[in-house]
**Student:** 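Here you go, one structure.
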Amino acid sequence: HKKNLISELSDKMAIKSIHLIQEMKKKGNIFTSNQIVDQKTAQLIVEAMGHKSIVENLNILEESIIQEHKIMNKNIIKTIRPPIVTVMGHVDHGKTSLLDYIRSTKIASHEAGGITQHIGAYYVQNKKGIITFLDTPGHAAFTSMRARGTQITDIVILVVAVDDGVKPQTIEAIQHAKLANVPIIVAINKIDKPDSNPEKIKKELVKYDILPEEWGGENIFVNVSSITGSGIDDLLDAILLQAEMLELFALPSGMANGVVIEARLDKNKGPIATILIREGKLNKGDNVLCGLHWGRIRVIKNSFGKEVKSVGPSIPVEILGLSGIPISGDVFYSIKNEKKAREIALFRKNKSREMKLKKTKIVDLKNVFQNL
Ligand code: GTP
Ligand code: MG
């Protein structure tokens, strides 16, 4: 009989497990994120969270993949993984410039109209540690990307330009982060500007329940300039401190699973997906199942554009070799048998067609993955 891990159940509903746990606590039920519940309880939770649940017999092939991961990863011990940090804030407040400074790149100046239009995924490694950053657009039109950004992240960096203050997408970003229960670090940017007054920003943010520790809140505030680099070391320290408190662990090896951040079609290379590994290690040559698609990984490229042989947890990479273009948020699994991957992908494709016809939003419990 299928059992479900609370953290995987919340993943499936695209909410943070902390949020699920808090909501269930309000209803008088205590759960922990690494608790395993039976099918019936899982169903009750899904419905309590306002979703519809369906329980079907597992497709025999899908079941075998879950078993395969379980068996192969059984003896692997979880280790510390790098934090995934999403940079958010109002348009032009300097999110991309901040990452450019941290990475020593010049992406911001090459963007069309100076506006970010997709989620960028990068990791940086320095003597303090590894941090993965997701850059999000601040333009009002890109709400769903910002929402997605907070759902796959551990920490949000809220960038507020000192000369512009709290603006609509600043507030929107706060709401996304709160909804996803992700801690917010505030980076007050552009403090190189004359007459900048960071204290004023702090006061503006009180209204949105973002408070520094010295005012009884729990948000870290750092004053930075993405032009001069002032304060950026402190920001990196703050991120690593926050990450330490979150105690982020993952399987460093074994069969991999992860999530698609973005995907596109390259005329010459075929489908290219930017993915983030959640557990295990993905290797060149691995067969994968990814949403409605399958494939054999032909190329893995890190965020420096360099080809690598394999990649582990929290590190974003681009992969080549999928049979089609997955959608953001799709989950992928490495699979030993290519034929099996293909059959499952086709099975899912048919099912997705059926679902589309029914037009119902359903949390499919049988896909809730269990990492044991
Ligand atoms: P979107 O992605 O479109 O939301 O914008 P963004 O938040 O990524 O802003 P971006 O990094 O593109 O910077 C916007 C403008 O602000 C650019 O002209 C930057 O040069 C400028 N800028 C960014 N950071 C600073 C800073 O610390 N000081 C000063 N003086 N200018 C900055
Ligand atoms: Mg940008």
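FYI, side chains are in, hydrogens and waters are out, and symmetry mates aren't considered; it's all heavy atoms of this structure. Throughout, numbering of the chain's residues begins at 1 and tracks the sequence. When a ligand or atom number is given, it counts from 1 through the structure's own listing order.
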**Student:** Looking at D154, T150, T153, T136, which hits side-chain hydrogen bond (donor to acceptor under 3.5 Å, both in side chains) with T86?
**Tutor:**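 The residue from D154, T150, T153, T136 that satisfies side-chain hydrogen bond (donor to acceptor under 3.5 Å, both in side chains) with T86 turns out to be T153.
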**Student:** Could you tell me whether T136 and ligand 1 have an N or O pair separated by under 3.5 Å?
**Tutor:**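 Looking only at distances, the answer is no, because the N/O contact criterion of under 3.5 Å is not met.
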**Student:** Is the shortest N/O to N/O distance between E111 and ligand 1 below 3.5 Å?
**Tutor:**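 No; the residue has no nitrogen or oxygen that sits under 3.5 Å from a nitrogen or oxygen of the ligand.
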**Student:** Within the protein, is there a heavy atom lying under 4.0 Å from atom 25 (C) of ligand 1?
**Tutor:**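 Yes, there is one.
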**Student:** Provide the number and element of each atom of ligand 1 under 4.0 Å from a heavy atom of I115.
**Tutor:**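 Answer, ordered by atom number: 3 (O).
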**Student:** If the cut-off is 4.0 Å to any non-hydrogen atom of S97, which atoms of ligand 1 fall inside it?
**Tutor:**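 Heavy-atom distances to S97 below 4.0 Å select 10 (P), 11 (O), 13 (O), 19 (C), 23 (C), 24 (N).
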**Student:** Above 12 or not: heavy atoms from other molecules or residues under 6.0 Å from CD of Q22?
**Tutor:**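 Count over threshold, so yes.
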**Student:** Does I191, backbone or side chain, put an N or O under 3.5 Å from an N or O of ligand 1?
**Tutor:**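 In this structure, I191 places no N or O atom under 3.5 Å from an N or O of ligand 1.
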**Student:** Is the count of non-hydrogen atoms from other residues, nucleotides or ligands lying under 6.0 Å from E244 atom CD greater than 12?
**Tutor:**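 Result for CD/E244: open.
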**Student:** Can you list the ligand 1 atoms lying under 4.0 Å from a non-hydrogen atom of V91?
**Tutor:**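 So the atoms of ligand 1 that pass are 3 (O), 4 (O).
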**Student:** Are E318 and R264 ion-paired here, with the side-chain N under 4.0 Å from a carboxylate O?
**Tutor:**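 Looking at R264 together with E318, the answer is yes, because their closest N to O distance falls below 4.0 Å.
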**Student:** With the threshold set at 4.0 Å, does a side-chain nitrogen-carboxylate oxygen contact exist between R81 and E279?
**Tutor:**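 Looking at E279 together with R81, the answer is no, because their closest N to O distance does not fall below 4.0 Å.
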**Student:** What do you reckon, is NZ of K301 surrounded by more than 12 foreign heavy atoms closer than 6.0 Å?
**Tutor:**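 Atom NZ in K301 is not crowded, with 12 or fewer foreign heavy atoms closer than 6.0 Å.
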**Student:** Give the residue, atom name and distance (to 0.1 Å) of the protein heavy atom nearest atom 6 (P) of ligand 1.
**Tutor:**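 It is K95 N, 3.5 Å.
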**Student:** Would you find more than 12 non-hydrogen atoms of other residues, nucleotides or ligands less than 6.0 Å from K202 atom NZ?
**Tutor:**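 More than 12 within 6.0 Å, yes.
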**Student:** Between D192 and ligand 1, which part of the residue brings a heavy atom under 4.0 Å of the ligand: side chain, backbone, both or neither?
**Tutor:**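 Under 4.0 Å from ligand 1, D192 contributes side-chain atoms alone.
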**Student:** Pull out every atom of ligand 1 sitting under 4.0 Å from any heavy atom of S226, numbered as shown with elements.
**Tutor:**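 Counting atoms of ligand 1 from 1, those under 4.0 Å from S226 are 24 (N), 26 (C), 27 (O).
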**Student:** Going by the order shown, which atoms of ligand 1 are within less than 4.0 Å of some heavy atom of G114?
**Tutor:**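 Matching atoms, with element in brackets: 3 (O), 12 (O).
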**Student:** Does a side-chain N-to-carboxylate-O contact under 4.0 Å join K128 and D233?
**Tutor:**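 Here K128 pairs with D233 in a salt bridge, since their nearest N and O are under 4.0 Å apart.
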**Student:** For ligand 1 and T116, I'd like to know whether there is a polar contact (N/O to N/O, distance under 3.5 Å).
**Tutor:**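 N/O-N/O distance below 3.5 Å exists for this pair.
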**Student:** Evaluate the ring-ring contact (aromatic ring centres under 6.0 Å, His included) criterion for residues Y123 and F304: first the C-alpha distance (whole Å), next the side-chain angles of each, then the deciding distance (0.1 Å), finally the verdict.
**Tutor:** CA-CA 9 Å; Y123 76 93; F304 304 100; 5.3 Å; yes
**Student:** Checking D164 against H93 for the side chain to side chain donor-acceptor pair (under 3.5 Å) test, could you report, in this order, the C-alpha distance in whole Å, the side-chain angles of both residues, the deciding distance, and whether it holds?
**Tutor:** CA-CA 8 Å; D164 205 24; H93 279 202; 2.8 Å; yes
**Student:** So which protein heavy atom does atom 5 (O) of ligand 1 come closest to, and at what separation?
**Tutor:**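 Heavy-atom neighbour on the protein nearest atom 5 (O) of ligand 1: D92 N, 3.0 Å.
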**Student:** For atom 29 (C) of ligand 1, what's the nearest protein heavy atom and its distance?
**Tutor:**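 Ranked first by proximity to atom 29 (C) of ligand 1 is I227 CG1, 3.4 Å.
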**Student:** Is G89 close to ligand 1, meaning an N/O of one under 3.5 Å from an N/O of the other?
**Tutor:**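 Between G89 and ligand 1, no N or O pair is found under 3.5 Å apart.
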**Student:** Can you name the closest pair of heavy atoms from R278 and D11 and give their distance?
**Tutor:**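 Taking R278 first and D11 second, the nearest heavy atoms are NH1-OD2, 3.5 Å.
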**Student:** The Mg ion (ligand 2) and S97: any N/O/S contact shorter than 2.8 Å?
**Tutor:**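 No, S97 does not qualify, because none of its backbone or side-chain N, O or S atoms lies under 2.8 Å.
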**Student:** With a cut-off of 2.8 Å, does any N, O or S atom of T116 fall short of it relative to the Mg ion (ligand 2)?
**Tutor:**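 Coordinating: yes.
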**Student:** Look at atom 16 (O) of ligand 1 and say which protein heavy atom is nearest, naming residue and atom and giving the distance to 0.1 Å.
**Tutor:**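 The protein heavy atom lying closest is K190 NZ, 3.0 Å.
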